[in-house]
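Order of the sequence lines fixes the chain letters, A, B, ..., with proteins taken first and strands second; residue numbering starts at 1 for each chain. Keep in mind it's a predicted model, so treat the numbers as computed, not measured. In what follows, every heavy atom counts, from backbone to side chain, and hydrogens, waters and symmetry copies are set aside.
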Amino acid sequence: MISVENLTKDYAGFRAVQGISFSVQKGEIVGFLGPNGAGKTTTMRILAGYLPPTGGKVAVAGHDIVAESLEARRHVGYMPENVPLYTDLRVNEYLVYRARLKGVRGKKVRERVEAVNRLCHLDEVKNKVIGNLSKGYRQRVGLADALVHEPDLLILDEPTIGLDPHQIRSVRDLIRSLGNRHTILLSSHILSEVEAVCTRVLILHRGKIEAADTPENLARLIRGGGLGAIRVEVSCGSEDARRAFAQLPDVETVNCRAEREGWSVLEIAPKAGKDIRDGIFSIVQKQNWRLREMSRVRASLEDIFVELTQD
Amino acid sequence: MVLWVLIQREIRSFFISPTAYIVLFACALIHGLNFVFWLEYITRNNIKDFTLLQATVNSFFFWFLLLIQAPLLTMRSFAEENRSGTIEMILTAPVREWEVVLAKFVGALCFFCVLWIPLALDFLGLRILWGHPLGATVSMELLSLAMLLLLGGLFLAIGIFASCLTRSQMVAAILSFGAIFAIFSLSFVVYLGLIGQTRDLVTYFSFLDQMDTFSRGIFDSRPVVLTLSGTILFLFLTERVLQWRRLRS
């Protein structure tokens, strides 16, 4: 659906995107992740046909974004950051205008506008003037706009920025449900969001792709395979516990996280690829401690992100 | 078809704001007062040297409105879209740049026409009531109207071009008023005692003279070519600027 080869983009005297290449297959939900200024918005604007690339080849739905811009744009539903809208129109008027502008004709216009109103939960505000809507509703109008002509590809730049947790959840559910029918490229600097929604993640930093894989694989990459750290809470002093667990053959490090009222919380990291859960339990048994938690510490996307993008 | 959708949006955006009606009312009032003043003046003094139409198209208020309307009508067009970012929504939709530019132009031209309807009605009313509006024939009136539209088109095109260069409406208005006023000022340069080819060249740009010529019922093709080609030039430049933003590398 998207193919990007060696894309570069220069702004006066500064290279914002430095030769990135990637492709997105039909049906994927791909997340662009990166700190502010990483080149996410620039790349998305190029894909949407708003900015021209400085170098490289970009094709959307098989159409070159420069040479066949019009055809490429027909296949894209784009929601820019901050969602600029005509604040003097009503929601319905705006969506009808956008649908017709994007080539929806005749009776289909009403049908599509009603469909996206329902999909994005805009029914109760459809006769309100956009200028009077809250940020959450405007965001949804932007999303409805991107969807109104049934594009193959959705490009969403920070779709949940500025929303409250309820709205974030509902937009996230909406995006996930859209994944059945559309290919989606979204950007975010909220890691949990990308982790929750995307089938694949591209981590962008200073105009380069630092990593590209599924969230699970990226997590494995960071931990070097295996299970990751084990978190235990046992009834003894932290120093005793640390010494005891450190004696296990496959343990890499033991860190004490907390100690209170006779209980200690420790995180025990195994050597790559080793399972130490059994060993931990036998030590607890031998020392006659009580155990009230043993869990796996999941390396979150956040760890990966910090690891890859630190200077 | 897409062009028509864009034009509808432009026309609506003019009529949606209450300021449009205030401007319309103000223009109608000024036209009306100006018209009545000259009507009164000509009938009282029994003047035969010039017609009411001629007096009107040579009057200060006629040109004041004509020169000031274009910057006011076009200062929003692209500047506001640039400022609010909605230009991004338009240009990422499957539309061509020239369609966007032409829609802006047609929208502005429509509202421009509406602003001059009161004056046309003044003349029409006089024709119906008195039969002959003080010497002017229908062809004189129609020629004047045509010249007015041609000039309006040129000024609006200049305004749209200025508007696409900036994200500030004020800057757009000042730029376009400056340019329009500069061109109009050439009408007076002739009186500075120019001779020879320079004088011919400047006369060619003298809208004041040309308007007067048309109001006497004389058709001259030169101003038609000048205003039309100027309009097309500025619309084309606007389209180039939008294109260039998409295609520059």
Side-chain angles (χ1 to χ4, degrees), chain A residues 8-10 41 44-56 63 65-90 93-94 96-106 109 129-131 141-142 145-146 148-149 151 155 157, chain B residues 1-22 73 75-104 106-107 111 164 167 169 239-249:
Chain A
T8 55
K9 174 69 192 174
D10 292 346
T41 298
M44 293 188 127
R45 281 181 161 177
I46 293 170
L47 284 170
Y50 181 61
L51 286 180
T54 307
H63 302 283
I65 198 68
V66 178
E68 303 168 284
S69 176
L70 203 67
E71 210 34 60
R73 276 179 275 157
R74 266 188 233 288
H75 293 273
V76 178
Y78 174 53
M79 175 170 139
E81 205 179 357
N82 303 323
V83 204
L85 301 166
Y86 288 128
T87 46
D88 53 352
L89 293 183
R90 292 170 202 284
E93 292 170 337
Y94 179 71
V96 166
Y97 161 69
R98 293 293 295 178
R100 296 178 60 205
L101 195 63
K102 294 179 186 181
V104 183
R105 293 283 171 266
V109 174
V129 176
I130 291 174
V141 173
D145 171 14
V148 78
H149 59 304
I155 297 179
D157 199 354
Chain B
M1 189 60 197
V2 168
L3 182 62
W4 176 231
V5 176
L6 285 164
I7 291 174
Q8 277 178 315
R9 157 72 199 154
E10 285 309 314
I11 293 176
R12 285 197 57 156
S13 81
F14 274 111
F15 287 97
I16 220 162
S17 77
T19 24
Y21 297 94
I22 298 170
L73 294 187
M75 62 187 220
R76 282 195 78 211
S77 75
F78 278 107
E80 180 61 15
E81 308 245 22
N82 288 339
R83 191 197 58 77
S84 71
T86 45
I87 190 77
E88 192 171 351
M89 302 300 272
I90 295 183
L91 294 182
T92 53
V95 297
R96 295 173 181 86
E97 284 83 358
W98 67 260
E99 291 173 321
V100 179
V101 175
L102 196 60
K104 293 268 179 208
V106 173
F111 193 68
C164 96
R167 48 173 58 203
Q169 294 190 33
E239 195 259 0
R240 285 284 99 183
V241 170
L242 293 184
Q243 259 302 326
W244 175 73
R245 286 194 188 140
R246 195 201 295 288
L247 295 180
R248 79 188 147 172
S249 47

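In this structure, chain A has a heavy atom under 4.5 Å from the side chain of B:Gln8, while its backbone stays farther away. Using a 4.5 Å cut-off between heavy atoms, B:Glu99 makes no contact with chain A at all. Only the side chain of A:Ser69 comes within contact range of chain B, with heavy atoms under 4.5 Å apart. Interface residue B:Thr86: backbone and side-chain heavy atoms are both found under 4.5 Å from chain A. Heavy-atom distances place both the backbone and the side chain of B:Arg96 under 4.5 Å from chain A. Interface remark: A:Glu93 contributes side-chain atoms only to the contact with chain B (heavy atom separation under 4.5 Å). Looking at B:Ile16, the atoms closer than 4.5 Å to chain A (heavy atoms on both sides) all sit in the side chain, from C-beta outward.
The candidate from A:Val76, A:Asp145, A:Leu89 with the greatest count of non-hydrogen atom pairs under 4.5 Å with chain B is A:Leu89. Contact tally against chain A (heavy-atom pairs below 4.5 Å) for B:Val2, B:Ile87, B:Val5, B:Leu3: the top residue is B:Val5.
Without hydrogens or angle criteria, A:Arg105 side chain to A:Arg100 main chain gives a donor-acceptor distance under 3.5 Å. A distance-only check finds a donor-acceptor pair linking the side chain of A:Arg73 to the backbone of B:Ala93 [under 3.5 Å]. Under a 3.5 Å cut-off, the side chain of A:Lys9 and the backbone N or O of A:Pro52 do form a donor-acceptor pair.
Contact annotation: the side chain of A:Tyr86 approaches that of B:Arg9 to within less than 4.5 Å [non-hydrogen atoms, C-beta and beyond]. Within the 4.5 Å cutoff, no side-chain heavy atoms of B:Phe78 are placed close to those of B:Val241.
Between the side chains of A:Asp157 and A:Thr41, at least one donor-acceptor pair of N or O atoms lies under 3.5 Å.
Annotation: the span from A:Tyr78 atom OH to A:Arg45 atom CZ amounts to 5.5 Å, rounded to 0.5 Å.
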